[in-house]
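Working notes for the structure below.
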Amino acid sequence: RANSGSREERRSARSILVTMGLAAKLDQQARRVILFLLLATLALQISWVLPLFGVAQTPAARHLVRMVIKWFLFVVFIRMMRSGTAGLGWRELGFRNDGWRDRAKQLGLAVALTAPVAVVFAASPTLQNLVLRNLDGGAAGTMPGSAGHLFGNIFGIMFGSIIFGIIAVAFTAAFVEELFWRGYALAVLPARVGLFGAVTIASALFALTHTYLGLSAVVLTFGGGIALSLVYWWRRSLLLNIAIHFLSDVAAPIYVLSKL
C-alpha cells in the first residue's frame, strides 16, 4: 500500500512537471508572437517616418516602401517556420488543404461576407475619404481632387497600371497581414490569454500599422481586425480571411476612383 501511494505521488509529480513545462512553452510562444507582431508593427511605421527625412516623398514611394517591408517580414517569418522558431506548421496557421471544392466554397463565402461591407462603404463618405487618403500614401493635406492626380502620382508611376497597382498592394496587404495578425496570432495566443485577449492584442497591433492614415483609420481598422479575427476563429481558414481582405482592398479604391 505504501509503494502504491509512492507510485501515485511520483506520477502526480511528473504530471505537474509536464503541465508546468507546457505552460512555460505556451508563455514563451506567446511572448514570441507578441514580440514579432510588435516589431512588424513598428517596421511598418517607416513608410510615414521616411518623408520627415526627405525620403519617400511621393505616394508611390510610400506604398512601395510598405510593400517591401511586408515581403521582407514574410521572408523572416519563412525562416522562422523552417528553423522551428515559430513553433507551428502551416496547417496550424489556417492553410487548409481540403481540395478545390472546399477552396471554391471559401471564396464564395468571402464574396458573400464582403458584400454587406461594400454596401456600407458605398453609403459612407468618411470611409471613402479614408480610401482616398490611402491612395495618396497617407500624405497630409487636401485629398486629391481628380483621377488625373491619382493616375499620375500613385499606381501609374509605381506599376504602369493603376488597376495592377491596386491588385498588387491589396494582395500584399491581404496575404501578409492575415498571415501575421490573424493566422500566427490566433494560432498561439488564445491558449495563453483567451480568445478575447488574443483578438484584442492582435487587432490593436493590426490597427497601429495604419497610423499613417490618422486616428479614425486606426479605430476603424481595430474594428475590422476584430471582425476578421472572429471570421478566422469561426472557419479556421486563412484563405477565407485573405480573400475577404483582398476583395475589400481591391473593391474600395476602384469604387472611389470611379466616382471621381
Side-chain angles (χ1 to χ4, degrees), residues 14-45 66 69-98 102-103 106 109-110 113 171-211 218-219 221-246 248-249:
R14 283 197 296 268
S15 178
I16 292 172
L17 289 173
V18 169
T19 302
M20 291 175 61
L22 179 60
K25 182 178 180 181
L26 287 173
D27 285 347
Q28 186 179 18
Q29 272 194 311
R31 287 195 297 270
R32 187 181 295 126
V33 170
I34 294 172
L35 178 60
F36 177 81
L37 294 181
L38 182 60
L39 291 175
T41 300
L42 291 174
L44 286 168
Q45 307 309 314
R66 288 181 66 82
I69 292 172
K70 287 175 183 177
W71 286 116
F72 172 77
L73 290 170
F74 176 68
V75 171
V76 172
F77 188 74
I78 289 291
R79 292 182 64 86
M80 290 172 59
M81 292 290 291
R82 289 181 174 177
S83 66
T85 305
L88 298 166
W90 290 106
R91 190 174 181 84
E92 293 171 284
L93 294 172
F95 285 106
R96 292 160 36 181
N97 187 21
D98 297 328
D102 180 74
R103 292 171 191 167
Q106 297 297 325
L109 182 58
L113 292 175
F171 176 76
T172 298
F175 181 77
V176 175
E177 290 173 8
E178 292 306 312
L179 174 61
F180 293 167
W181 283 275
R182 250 67 67 186
Y184 190 32
L186 297 182
V188 175
L189 295 181
R192 181 62 184 90
V193 296
L195 180 60
F196 177 80
V199 169
T200 301
I201 293 170
S203 299
L205 291 175
F206 172 67
L208 290 175
T209 66
H210 297 79
T211 51
V218 172
V219 174
T221 50
F222 177 69
I226 291 175
L228 286 166
S229 295
L230 295 178
V231 169
Y232 176 81
W233 193 254
W234 170 44
R235 301 296 296 184
R236 302 298 178 94
S237 170
L238 207 56
L239 173 62
L240 175 60
N241 273 66
I242 291 171
I244 293 172
H245 198 146
F246 175 76
S248 301
D249 281 5

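Note that this is a predicted model, so its numbers are computed, not measured.
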* Step through the shown structure and confirm whether more than 12 heavy atoms of other residues, nucleotides or ligands are within 6.0 Å of CZ on F95. => yes
* With the side chain counted from C-beta on, respond yes when W71 and F175 share a heavy-atom pair under 4.5 Å apart, and no when they do not. => yes
* Which class fits the ring pair F206 and W181: parallel under 30°, tilted 30 to 60°, perpendicular over 60°? -> tilted
* Asked: Out of curiosity, I244 CD1 to Q106 CD, how far, rounded to the nearest 0.5 Å?
  -> 9.0 Å
* Asked: Any donor-acceptor pair under 3.5 Å linking the side chain of N241 with the backbone of S229?
  -> no
* Asked: Do H245 and D249 get their side chains close enough for a donor-acceptor pair, meaning under 3.5 Å?
  -> yes
* To do: Is it possible for you to check whether R236 lies under 6.0 Å from the centre of the six-membered ring of W233, through NZ or CZ, and within 45° of that ring's axis?
  => yes
* To do: Return yes if some donor-acceptor pair links the side-chain N/O of R182 with the main-chain N/O of L179 below 3.5 Å, else return no.
  => no
* **Which atom of A198 lies closest to which atom of V193, heavy atoms considered** => N-CG2, 3.5 Å
* To do: Without swapping roles, check the side chain of Q29 against the backbone of G87 for a donor-acceptor pair under 3.5 Å.
  => yes
* To do: Please determine, by modelled atom types, if T211 and Q45 share a side-chain donor-acceptor pair under 3.5 angstrom.
  => yes
* R91: salt bridge (charged side-chain N to carboxylate O under 4.0 Å, His left out) partners, not counting sequence neighbours -> D98
* Structure fact -> CD1 of I242 to CG of L228, rounded to nearest 0.5 Å, is 11.0 Å
* Structure fact -> Of all heavy-atom pairs linking R235 and L109, the shortest is NE-CD2, 3.9 Å
* Please report the closest heavy-atom contact between V188 and A30, naming both atoms and the distance. => CG1-N, 3.8 Å
* Taking all non-hydrogen atoms of both residues into account, name the closest pair between Y232 and E92 and its distance. => OH-O, 3.8 Å
* **From CG (L93) to CD (E178), nearest 0.5 Å** => 12.5 Å
* Asked: What are the two closest heavy atoms between A43 and I69, and how far apart are they?
  -> O-CD1, 3.3 Å
* **T209 OG1 to L44 CG distance, which is reported to the nearest 0.5 Å** => 6.0 Å
* To do: Quick one: pull up CG in L208 and OG in S203 and give me the separation to the nearest 0.5 Å.
  => 11.0 Å
* Selection residues 74-90 - residue pairs positive for side chain to side chain donor-acceptor pair (under 3.5 Å), sequence neighbours left out -> S83-T85
* To do: Starting at CE of M80, measure out to CZ of R32 and round the result to the nearest 0.5 Å.
  => 6.5 Å
* Is the distance between the ring centroids of F36 and F180 less than 6.0 Å? -> yes
* Asked: Are L189 and I34 close enough that some pair of their side-chain heavy atoms sits under 4.5 Å apart?
  -> yes
* Asked: M81 and A86: which non-hydrogen atoms are nearest, and at how many Å?
  -> SD-CB, 3.6 Å
